[in-house]
Amino acid sequence: MKKTLIYIGLVILLSVCLSTLLMILTSEGKTGRKTPEETHINQIYSDAGIALPPDSKAVYYGEKTDYEPEWIIKVKISEKKLDAVLKQLKSKITRNQLQKGPIAIAKSAKWWKPVEIIINKYYLQDKTGALIYVVISKENDGVYIYIHHMIM
């Protein structure tokens, strides 16, 4: 009899725990929390001054947080919305034309391998004074934007 009550108690406790977990998992998208991908897309806008289309997908991200923090990201963007992104980039004033290609952490990232470069550009972000290096590349499975953000 005691064993039966213990088993019933455990089953009830387990079902309460599972239903609570299920409720948390199904409501997570409704709480207003940002996914890591949304966070990176927002970071691109605030740190680099580039508004990406809402359907953009962050593929890779890396950062170095020491005295001079920097981050790199590879984002897949819709080919249909490429012109809007290009227009933004072309409006930025080019800086540091002596620099050839990515520096620091972008060089060490194995995934930083643009295939067919559409544009590459260095510019200073007005709000933060950061140097931004951007490459847009057409690749086998779509269009990607590579961004390297460096505090100088």
Side-chain angles (χ1 to χ4, degrees), residues 13-152:
L13 182 64
L14 184 60
S15 66
V16 168
C17 290
L18 286 175
S19 65
T20 303
L21 179 63
L22 182 63
M23 197 167 43
I24 290 170
L25 291 175
T26 56
S27 68
E28 190 172 77
K30 300 173 188 168
T31 62
R33 293 182 193 145
K34 292 187 188 300
T35 64
E37 188 165 283
E38 289 173 312
T39 302
H40 292 316
I41 300 300
N42 289 339
Q43 182 178 11
I44 290 168
Y45 179 70
S46 66
D47 290 359
I50 302 170
L52 294 179
D55 59 346
S56 300
K57 292 251 187 225
V59 180
Y60 292 106
Y61 179 83
E63 66 184 324
K64 183 177 85 172
T65 55
D66 56 4
Y67 181 70
E68 294 178 344
E70 52 185 301
W71 54 262
I72 54 176
I73 193 165
K74 179 180 180 181
V75 178
K76 186 172 186 177
I77 60 173
S78 167
E79 199 162 347
K80 294 176 185 173
K81 301 189 179 150
L82 174 61
D83 287 339
V85 176
L86 285 171
K87 185 176 178 182
Q88 289 179 69
L89 285 175
K90 289 177 182 176
S91 73
K92 308 247 181 234
I93 298 169
T94 301
R95 301 280 190 226
N96 202 8
Q97 292 183 348
L98 298 176
Q99 184 65 42
K100 302 283 189 219
I103 57 175
I105 61 173
K107 282 185 178 177
S108 64
K110 293 179 180 174
W111 50 265
W112 187 287
K113 303 228 182 303
V115 178
E116 184 182 321
I117 295 175
I118 297 169
I119 188 173
N120 63 356
K121 186 167 196 161
Y122 275 97
Y123 64 92
L124 289 177
Q125 168 57 340
D126 297 332
K127 288 197 283 189
T128 62
L131 180 63
I132 311 296
Y133 178 57
V134 178
V135 177
I136 296 182
S137 172
K138 181 131 172 72
E139 301 183 9
N140 292 338
D141 61 337
V143 176
Y144 291 87
I145 183 167
Y146 295 78
I147 303 170
H148 187 169
H149 173 276
M150 303 153 270
I151 300 292
M152 303 306 282

Handout entry: Nearest non-hydrogen partners of W111 and Y146, listed with the distance
Key = O-CE2, 3.6 Å
Handout entry: Y61 OH: over 12 foreign heavy atoms closer than 6.0 Å
Key = yes
Exercise for the section: For Y123, check ring-ring contact (aromatic ring centres under 6.0 Å, His included) against everything at least two apart and list the hits. Expected result: none
Practice task
Specify whether Y133 and W112 have parallel, tilted or perpendicular ring planes, treating 30° as the upper limit for parallel and 60° as the lower limit for perpendicular.
Solution key: parallel
Problem - With D83 via side chain to side chain donor-acceptor pair (under 3.5 Å) - residues at least two apart - result: none
Completion exercise
With sequence neighbours left out, the residues meeting salt bridge (Lys or Arg N to Asp or Glu O under 4.0 Å) with K121 are none
Fill in the blank from the handout: Those residues at least two apart in sequence (or on a different chain) that pass side chain to side chain donor-acceptor pair (under 3.5 Å) with K81 are none
Practice task
Enter the distance from L52:CG to I73:CD1 here, rounded to the nearest 0.5 Å.
Solution key: 8.5 Å
Practice task
Provide the closest heavy-atom pair for S137 versus V115 in the form atom of the first, atom of the second, distance.
Solution key: OG-N, 2.8 Å
Handout entry: Polar side-chain atom of Q88 near backbone of A51 as donor-acceptor pair, under 3.5 Å
Key = yes
Exercise for the section: Working to the nearest 0.5 Å, report the span between CD1 of I147 and CG of L89. Expected result: 8.0 Å
Completion exercise
For D141, the side-chain contact (heavy atoms from CB on, under 4.5 Å) test, sequence neighbours excluded, returns K76, E139, Y144
Problem - Contact summary for H149 and I132, nearest pair of heavy atoms - result: CD2-CD1, 3.2 Å
Handout entry: Distance, nearest 0.5 Å, that separates CE of M150 from OH of Y122
Key = 5.5 Å
Problem - Intermediate values then yes/no, side-chain contact (heavy atoms from CB on, under 4.5 Å), V134 and N120 - result: CA-CA 5 Å; V134 178; N120 63 356; over 6 Å; no
Exercise for the section: Mind checking salt bridge (Lys or Arg N to Asp or Glu O under 4.0 Å) for E116 and listing every partner two or more places apart, or none if nothing turns up? Expected result: none
Exercise for the section: To the nearest 0.5 angstrom, please state how far the NZ atom of K138 sits from the CD1 atom of I118. Expected result: 7.0 Å
Exercise for the section: Looking only at non-hydrogen atoms, find the nearest pair between A48 and W71 and report the distance. Expected result: CB-CH2, 4.4 Å
